[in-house]
Amino acid sequence: SRQPMGLLTEGVPLVWEKARRHAEYVRQHGIQQFLLLYDKVKNRQRDTLMWGDEIEYSLVLLDDTTRRVWLSLRAPELLPILERDEQEHPGNAKTNWRPEYGAWMLEGVSQVPLGLLGGECKR
């Protein structure tokens, strides 16, 4: 059954030594889930973003030479920079920035209503 996503309030993350035992399973199923989701939404157009919708960003580094992708763990460093507009203009900033689960993730929430197209995110 489909469960809505939410804040993890029960349990604790595994320590690395225990988590590592499950890495191959997570990798394999993560790839399968990504491909299924991508196939489901690849032709979607004109999605409507609603006021308060969250957009989660993954920070990555792309190495064109080796064709590898690396997670960038700079979210704690970048968050204060992104929050500056919000702090300098309380109630009038275009976007509220919040930390997400990992140091490679950020969340942006529009403070003002967006238009009907995903392209409005470029504002």
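Remember, it's a predicted structure, so these values are computed and weren't measured experimentally. Note that these values count all heavy atoms, side chains included, but never hydrogens, waters or copies made by symmetry.
Between the CG atom in N96 and the CG atom in L82 there is a gap of 11.5 Å [rounded to 0.5 Å]. Atom-to-atom distance recorded for L78:CG and W97:CH2 is 10.0 Å, nearest 0.5 angstrom. Taking CZ of R74 as the start and CD of E77 as the end, the distance is 4.0 Å to the nearest 0.5 Å. Atoms CG and NZ, on L37 and K42 in that order, are 12.0 Å from each other to the nearest 0.5 Å. L61 CG to R68 CZ: the interatomic distance, rounded to the nearest 0.5 Å, is 12.5 Å. Atom CD of E88 sits about 12.0 Å away from atom CD of E83, to the nearest 0.5 Å.
Cluster membership check: M105 does not share its hydrophobic cluster with W70, using side-chain heavy-atom separations under 4.5 Å among Ile, Leu, Val, Met, Phe, Trp and Tyr. L62 and L73 end up in the same hydrophobic cluster when Ile, Leu, Val, Met, Phe, Trp and Tyr side chains are linked at under 4.5 Å.
Two residues are said to be in side-chain contact when any heavy atoms from C-beta on lie closer than 4.5 Å; V41 and R44 meet this criterion. Two residues are said to be in side-chain contact when any heavy atoms from C-beta on lie closer than 4.5 Å; V109 and T95 fail this criterion. In this structure the side chain of R21 never reaches within 4.5 angstrom of the side chain of L14, judged on heavy atoms.
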Fill in: Worked verdict on L71 versus L59 for side-chain contact (heavy atoms from CB on, under 4.5 Å)
CA-CA 6 Å; L71 290 176; L59 305 175; over 6 Å; no
Discussion item. One pair to check against ring-ring contact (aromatic ring centres under 6.0 Å, His included): W104 and Y57. What are the steps and the verdict?
Written reply: CA-CA 8 Å; W104 68 93; Y57 297 86; over 10 Å; no
Discussion item. Could you go through D63 and V69, starting from their C-alpha distance and side-chain angles, then the distance that decides it, and tell me whether this counts as side-chain contact (heavy atoms from CB on, under 4.5 Å)?
Written reply: CA-CA 6 Å; D63 186 330; V69 178; over 6 Å; no
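The residues E56 and R98 are annotated as not salt-bridged, no charged nitrogen and carboxylate oxygen being separated by less than 4.0 angstrom.
Residues A103 and P76 approach most closely at O-CD, 3.8 Å, considering heavy atoms.
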